[in-house]
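Worksheet for the structure shown next.
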Number of protein chains: 2
Amino acid sequence: MNIGEAAKRAKLPVKTVRYYAEIGLVSPNGRSASGYREYDEIAIRKLKFVARSRSFGFGIPACRELLSLFEDRSRESADVKNIAKARIAELDEKLLELRLLRDELSHLADSCAGNARPDCPIIDGLAG
Amino acid sequence: MNIGEAAKRAKLPVKTVRYYAEIGLVSPNGRSASGYREYDEIAIRKLKFVARSRSFGFGIPACRELLSLFEDRSRESADVKNIAKARIAELDEKLLELRLLRDELSHLADSCAGNARPDCPIIDGLAG
DNA sequence: TATAAAGTTTCCAGTGAGGGGAGACTCAAG
DNA sequence: CTTGAGTCTCCCCTCACTGGAAACTTTATA
């Protein structure tokens, strides 16, 4: 199967699939006589796996690690769980940070009249 | 005042201050005879303002806009408030997205034994 | 069969917001 | 006078792609 069909099956842009091949994340299983990348069902599954992992916010290095665990039938589920837990901790940290940011900004916005006069607690707040 | 002192006062890396000058976000008020950038108190205030705005997650374009409002003594507070409200809406959207991600991943992790056996609902979940 | 359209290839360049470092210059202190 | 710190410009690197150009292959149509 050519890259276009593979991309469609994995719901990824062609450019992205090519990029994943280039960085050795998901390689095509070969090349045609004319140089076209050829993908089989196994490669498609890996592409889908990566697409979904990326959508969960895993970076490429984490995807690489997850993919190796995905491919390794003898790995322990604890290995995967540890990666997931680390990612959840990252997400919690990010969520906390964003919540604080949101509340502080919201507080500033609430105290701003938002009218035609120039006094603005938001600007004052940002000026420190 | 030289760039090093200005950077220290604004609590920004020198590289960042130089970058802000390069993109015309916060320009030094002149150059010395030998070519050193020179910053005055007004430039320092702008640097601090940008540093704080960036820490609130505003991008460079938004900082540019906020800075012009900061400099414009005749602007209406409503103009500022609108920018802040848009940023809050962005933050809310991002928060919602991250919360969903976190919960879904957490759910997967909870259903994984995390032991020495290879069965792993996380991998299965990521595989779709 | 000829040709046009679509698909694919490689390579180059850019994104946001700087970071790292090289090599040259300037300034202040000892 | 020298040394060390500060600064200058210039270039490449990041991350995860995205876009475009020019050349090639494959497929569909006339």
Side-chain angles (χ1 to χ4, degrees), chain A residues 1-40 43-44 46-67 87 90 94 97 101, chain B residues 1-40 43-44 46-67 87 90-91 94 97 101 126:
Chain A
M1 166 178 3
N2 286 341
I3 197 170
E5 181 69 13
K8 193 179 299 176
R9 296 270 306 273
K11 284 168 194 154
L12 284 171
V14 169
K15 279 268 187 187
T16 300
V17 177
R18 206 174 275 128
Y19 173 69
Y20 289 164
E22 185 188 334
I23 64 174
L25 182 60
V26 179
S27 299
N29 62 316
R31 296 275 188 142
S32 74
S34 59
Y36 284 18
R37 290 173 183 80
E38 286 177 327
Y39 290 87
D40 58 11
I44 301 293
K46 290 185 197 168
L47 284 174
K48 284 184 180 171
F49 180 85
V50 169
R52 193 151 160 77
S53 300
R54 289 284 299 122
S55 81
F56 272 88
F58 289 99
I60 299 292
C63 283
R64 220 180 271 276
E65 196 174 3
L66 284 168
L67 201 53
R87 177 75 192 137
E90 276 174 36
K94 191 76 185 170
E97 184 190 339
L101 214 56
Chain B
M1 162 181 5
N2 286 342
I3 198 171
E5 181 69 12
K8 194 179 296 173
R9 296 270 307 274
K11 285 168 194 153
L12 284 171
V14 169
K15 277 273 189 184
T16 300
V17 177
R18 205 173 274 131
Y19 174 69
Y20 289 165
E22 184 189 335
I23 64 174
L25 182 60
V26 180
S27 300
N29 63 314
R31 294 278 186 142
S32 75
S34 58
Y36 283 19
R37 288 171 185 82
E38 287 178 325
Y39 291 87
D40 59 11
I44 300 294
K46 291 186 198 168
L47 284 174
K48 283 184 181 172
F49 180 85
V50 169
R52 193 153 161 75
S53 300
R54 290 285 297 121
S55 81
F56 272 88
F58 289 99
I60 297 292
C63 283
R64 219 179 273 276
E65 198 174 1
L66 284 168
L67 200 52
R87 176 72 192 140
E90 276 175 36
L91 285 172
K94 191 77 184 170
E97 185 191 339
L101 214 55
L126 289 176

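Letters A, B, ... are given to chains in the order of the sequence lines, protein chains preceding strands, and every chain is numbered from 1. Since the structure is predicted, the reported quantities are computational estimates derived from the model, not experimental observations.
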### Query
Could you give the CZ-to-P distance, from B:Arg64 to C:dG16, as a whole number of Å?
11 Å
### Query
What is the distance, rounded to the nearest whole Å, between atom CD1 of B:Ile23 and atom P of C:dT15?
12 Å
### Query
Which heavy atom of A:Ala21 sits nearest a heavy atom of A:Tyr39, and at what distance?
CB-OH, 3.9 Å
### Message
Just to verify, which of A:Leu47, A:Val17, A:Val50 counts as forming a side chain to side chain contact (heavy atoms under 4.5 Å, CB included) with A:Leu25?
### Response
A:Val50
### Message
If I take atom CZ from residue A:Phe49 and atom CG from residue B:Leu126, how far apart are they, to the nearest 0.5 angstrom?
### Response
5.0 Å
### Task
Round to a whole Å and report the spacing from CE of B:Met1 to P of C:dC27.
18 Å
### Message
Between P on C:dA28 and CD on B:Glu5, what's the gap in Å once rounded to a whole number?
### Response
13 Å
#### Entry: Phosphate-side-chain proximity, B:Arg37 and D:dC8, N/O vs OP1/OP2 below 4.0 Å
yes
### Task
Rounded off to whole Å, could you give me the CD1-to-C1' distance for the B:Ile3 and C:dC25 pair?
16 Å
### Query
How far does CD1 of A:Ile44 sit from CD of A:Glu5, to the nearest 0.5 angstrom?
7.5 Å
### Query
Below 4.0 angstrom from OP1 or OP2 of C:dT9, is there any side-chain N or O of A:Arg18?
yes
### Query
Angle, rounded to 10°, between the helical axes spanning five pairs at each terminus of the helix from C:dT1-D:dA30 to C:dG30-D:dC1?
20°
### Query
If you round to the nearest 0.5 Å, how far is CZ of A:Arg64 from CZ of A:Phe58?
15.5 Å
### Message
With a cut-off of less than 4.0 Å, is there a side-chain N or O of B:Arg31 near OP1 or OP2 of D:dT9?
### Response
yes
### Message
With rounding to the nearest 0.5 angstrom, report the CD to CG distance, A:Glu38 to A:Asn2.
### Response
7.0 Å
### Query
Does the B:Arg37 side chain pair with the main chain of B:Arg18, one donor and one acceptor, at a distance under 3.5 Å?
no
### Query
Once you round to the nearest 0.5 Å, how far does NZ of B:Lys15 lie from CD1 of B:Ile3?
10.0 Å
### Query
Within this structure, what is the CD-to-P distance between B:Glu38 and D:dG6, rounded to whole angstrom?
18 Å
### Task
Round to a whole Å and report the spacing from CG of B:Leu12 to C1' of C:dG19.
14 Å
## Note on the structure
Under a 4.0 Å heavy-atom criterion, the protein footprint on nucleotides 17-28 of chain D, written with B, S and -, is BSBB----BS--
### Query
How long is the line joining CG of B:Leu25 and P of C:dG16, in whole Å?
13 Å
### Task
Please round to the nearest 0.5 Å and tell me the distance separating atom OH of B:Tyr20 and atom CG of B:Leu67.
11.0 Å
